[in-house]
Asks: 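Okay, handing you the structure first.
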Amino acid sequence: MAAIVSDKLLDWYDAHARDLPWRARPGEPAPDPYRVWLSEVMLQQTTVAAVKPYFEAFTSRWPKVEALAAAPEEDVMAAWAGLGYYSRARNLVKAARVVAEMGGFPDTEAELRKLPGLGDYTAAAVAAIAFGRRAVVVDANVERVVSRLFSIREPLPGSRKAIRAATDAITPKSRAGDFAQAMMDLGSGICTARDPKCLLCPLERDCRGKAEGDPALLPVKAPKKAKPTRQGTAWWIEREGAVWLVRREGTGMLGGMRALPDDGWSARGDGSGEAPIEGSWEARGVVRHAFTHFAIELSVERQSGAAQPEGEGEWWPIAELDDAGLPTLYAKAARLVLA
DNA sequence: TACCCGTGGCT
DNA sequence: TAGCCAAGGGT
């Protein structure tokens, strides 16, 4: 059954593979490991449509890993702005510098797994896609397809071990990269989370989930926690056509990204409401923004002709604010002030 | 393990 | 519209 499933899927992939900028067409040589790695990191929890323009921008500006390794971290962070999960950009720079120092990407799953930002999924995907290694590649698409194919009814995340074993059982010795990408294309276009297109599926006859009932009910997932709403304030401090920007520290929320000064709001609590400088503030309104596990209502206060706040920061020309690389929350706040 | 960490499209 | 979802990783 295992060989039959992988053969059917690879045949389907040869006929229906998506044409993507980071992907070789079936039968072509494997693409540059740099492009595979970059695309896989960008695609972590991120849609293909969102990734495409960023992938083009990055590979145009930094065509090789050595170029990315030589770039200032803040330039990479600014280029990543809007894509989200900014630890990916911090780790991207770290990994690029390690790889450049090594003289190239390692070509085994175990060595790739040691690079920052490469977990089980990405290490396996790069090993399989860029280097033709047999690796068990399990992402959310594979979890869904395999849960249905084998009718695994234990809820996630408890079912991960069983899903991995089942995926291992159907992963072929050769063309593991194509197999992985075929599974992802199948999950993306056919075996979708809602309303799967079973009539178009090359594995319909092999699918226990289909045979036993409604495959759309799989995988079962644990219920999600309610997300709280936090209150915070951001300060638009303006002087001579420039606004005061800081760079957020650490590895936490929006860490390493340029931002407006704020009052210390976080996922765990509201901000203090305390302004960084004296003076009279003009209320400009409230920005609402939903993060993964909480929402924020950010009040935006403005002061012009202001003194320079203490601490690190820079006066950024308002006319060039698009180049600052503000994450979406602060881009919204800026739009509110400038509207 | 459970939680933290972004964003935009879709229903 | 409010929630769900997407090629997860780090701690």
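Hydrogens, waters and symmetry mates play no part in the numbers below; they use all other heavy atoms, side chains included. Only a predicted model underlies this, so the values are computations on that prediction, with no experimental measurement involved. Numbered from 1 within each chain, the chains take letters A, B, ... in sequence-line order.
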Asks: Donor-acceptor pair, A:Arg113 side chain versus A:Ala123 backbone, under 3.5 Å?
Replies: no
Asks: If you measure from the C1' atom in B:dC3 to the same atom in C:dA7, how many Å do you get, rounded?
Replies: 22 Å
Asks: Please say whether more than 12 non-hydrogen atoms of neighbouring residues, nucleotides or ligands are located less than 6.0 Å from NZ in A:Lys64.
Replies: no
Asks: Could you tell me how far B:dG6 sits from C:dT1 if I compare only their P atoms? Round to whole Å.
Replies: 26 Å
Asks: Reading DNA chain C from 5' to 3', where do the contacts with chain A start and stop? Cut-off is 4.0 Å to heavy atoms.
Replies: C:dC5 to C:dG10
Asks: Is it the case that the side chain of A:Thr108 and the backbone of A:Glu111 share a donor-acceptor pair, with hydrogens and angles ignored and the cut-off at 3.5 Å?
Replies: yes
Asks: Does NZ or CZ of A:Arg61 lie under 6.0 Å from the centre of the six-membered ring of A:Trp80, at an angle within 45° of the ring axis?
Replies: no
Asks: For the residue pair A:Phe55 and A:Trp22, is the inter-centroid distance of their aromatic rings smaller than 6.0 Å?
Replies: yes
Asks: Can the ring centroids of A:Trp235 and A:Trp281 be said to lie less than 6.0 angstrom from one another?
Replies: yes
Asks: Do A:Leu338 and A:Leu321 have side chains that get closer than 4.5 Å, going by heavy atoms?
Replies: yes
Asks: Is A:Arg144 touching bases, backbone alone, or none of the nucleic acid, heavy atoms closer than 4.0 Å?
Replies: sugar-phosphate
Asks: Nearest-nucleotide wise, let me know which of A:Leu43 and A:Arg113 is further upstream toward the 5' end of DNA chain C.
Replies: A:Leu43
Asks: Indicate for each nucleotide in nucleotides 3-11 of chain B, in 5' to 3' sequence, whether protein heavy atoms under 4.0 Å reach the base (B), only the sugar-phosphate (S), or nothing (-).
Replies: SSBBBS---
Asks: So among A:Glu312, A:Glu74, A:Glu249, which one has a salt bridge (charged side-chain N to carboxylate O under 4.0 Å, His left out) with A:Arg258?
Replies: A:Glu74
Asks: Indicate, with a heavy-atom threshold strictly under 4.0 Å, whether A:Thr122 touches base, sugar-phosphate, or nothing.
Replies: sugar-phosphate
Asks: Quick one: CG on A:Leu218 to CD on A:Glu154, what's the gap to the nearest 0.5 Å?
Replies: 12.0 Å
Asks: Just call it for A:Leu20: base, sugar-phosphate, or nothing, with non-hydrogen atoms closer than 4.0 Å on any strand.
Replies: base
Asks: If the plane angle is over 60° it's perpendicular, under 30° parallel, otherwise tilted; pick one for A:Phe294 and A:Phe291.
Replies: tilted
Asks: Which part of the nucleic acid, if any, lies within reach of A:Trp22 when heavy atoms closer than 4.0 Å are counted: base, sugar-phosphate only, or nothing?
Replies: base
Asks: Can you give the dot-bracket line for DNA chain C, where a pair is Watson-Crick or G-U wobble with both atom distances under 3.5 Å, crossing pairs use [ ], and | marks a partner on another strand?
Replies: .|||||.||||
Asks: Just by distance, no angles: are the side chains of A:Ser151 and A:Arg153 close enough, under 3.5 Å, to form a donor-acceptor pair?
Replies: yes
